[in-house]
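Proteins come first, then strands; the chains are lettered A, B, ... in the order of their sequence lines, and each starts at number 1.
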Amino acid sequence: MTTVEEAVALQEELAPQVIRTVPDGFSPKVAVGLDVAYGSDDLVAAAVCVDVATLEIVDSVAVRDVTDFPYVPGLFAFRELPSLLKALDRLKVVPDVLVCDGQGIAHPRRFGLASHAGVVTGLPSVGVGKQALGHYDPPGPGRGDWTPLVDNDEVVGRALRTQAGVKPVFVSIGHKIDLDTATELVLRLSPKYRLPETTRAADQLGRRVSAGGVGVQDVTD
DNA sequence: GCGACAG
DNA sequence: ATCTTGTCGC
């Protein structure tokens, strides 16, 4: 089993591999939302592919799994990523970008779940957290307003208001993307609610499967 | 020593 | 994360 010390060492080793710029001609057609729902003795990792233009769900997979790694702030990926990767492997559609429920480089070692997922898969990724890891001033009141998310005097992300009158979400670079592009994508994926449709869909699928419905087998569509 | 601490 | 329906308000 991975120890906390080993996990931290791995993050420090992989963090330099994060690419904070977009590939040439980056124009994602399919974004996949990743989220994990917890049961009493297991968890369900959900991956839902959404057409970026229409927001229609084009593919989805849920995998029931178990973890041995506890929740440790800063080591979130070691708890959820293994199961999420299994779900990603079972997708029929190959996504252009990962939308993770958590932080990217807005992390103590600049290697949160979204960055870890991006580096491991080689895919562009963005982190969208509901809680900030860092400091920020409240963004303006309108949809699209944002302020820098700062940690140790370094801008690591943005507090982004996706809807007027709701708390901001925290967007950060995961891998192979920049902050402007990540912000634009998150806004596009969040036309109606605070969270992107990708994470909403993955969250719903995950808890639906976790709650009962299907047993051990994967759930597709 | 004390508070913070993604999900 | 999870325990949890209806209800108050714009």
Student: In whole angstrom, what separates A/D101's CG from C/dA1's P?
Tutor: 7 Å
Student: Separation of A/F76 atom CZ from C/dA1 atom P, in whole Å?
Tutor: 8 Å
Student: Measure from NE2 on A/H135 to P on B/dC5 and round the result to the nearest Å.
Tutor: 8 Å
Student: Taking C-beta and beyond as the side chain, do A/T181 and A/L185 meet within less than 4.5 Å on heavy atoms?
Tutor: no
Student: Give the rounded distance in Å between these two atoms: CD of A/E80 and P of B/dA6.
Tutor: 12 Å
Student: Once you measure the plane-to-plane angle for A/F76 and A/Y71, does it fall in the parallel (<30°), tilted (30-60°) or perpendicular (>60°) bin?
Tutor: perpendicular
Student: Taking any heavy-atom pair under 4.0 Å as a contact, classify A/Y38: base, sugar-phosphate, or nothing.
Tutor: sugar-phosphate
Student: Have A/R109 and A/Q11 got a donor and an acceptor in their side chains that come within less than 3.5 Å?
Tutor: yes
Student: With A/R200 as the cation and A/Y193 as the aromatic partner, state whether NZ or CZ is under 6.0 Å from the six-membered ring centre and within 45° of the axis.
Tutor: yes
Student: Regarding A/Q103, tell me which of base, sugar-phosphate or nothing describes its non-hydrogen contacts under 4.0 Å with the strands shown.
Tutor: base
Student: Starting at CG of A/L149 and ending at P of B/dA6, how long is that distance when rounded to a whole Å?
Tutor: 12 Å
Student: Contact class for A/G74 (heavy atom, under 4.0 Å): base, sugar-phosphate, or nothing?
Tutor: base
Student: What integer distance in Å separates A/L113:CG from B/dC5:P?
Tutor: 19 Å
Student: What does A/L75 touch in the nucleic acid at a heavy-atom separation under 4.0 angstrom: a base, only the sugar-phosphate, or nothing?
Tutor: base
Student: Tell me whether A/Y71 and B/dG7 count as stacked here, given that the ring centres must be under 5.5 Å apart and the planes must differ by less than 30 degrees.
Tutor: yes
Student: May I ask you to verify if any side-chain N or O of A/R79 is less than 4.0 angstrom from the OP1 or OP2 atom of C/dA1?
Tutor: no
Student: Over how many whole Å does the gap from A/H107 atom NE2 to B/dG7 atom P extend?
Tutor: 12 Å
Student: Under 4.0 angstrom, heavy atoms only, what part of the nucleic acid is A/G129 near: base, sugar-phosphate, or nothing?
Tutor: sugar-phosphate
Student: Using only atom types and a distance under 3.5 Å, with no angle test, would you say the side chain of A/R110 pairs donor to acceptor with the backbone of A/V18?
Tutor: no
Student: Just call it for A/L43: base, sugar-phosphate, or nothing, with non-hydrogen atoms closer than 4.0 Å on any strand.
Tutor: nothing
Student: Measure the distance from CG on A/L98 to P on B/dA6 and round it to the nearest whole Å.
Tutor: 22 Å
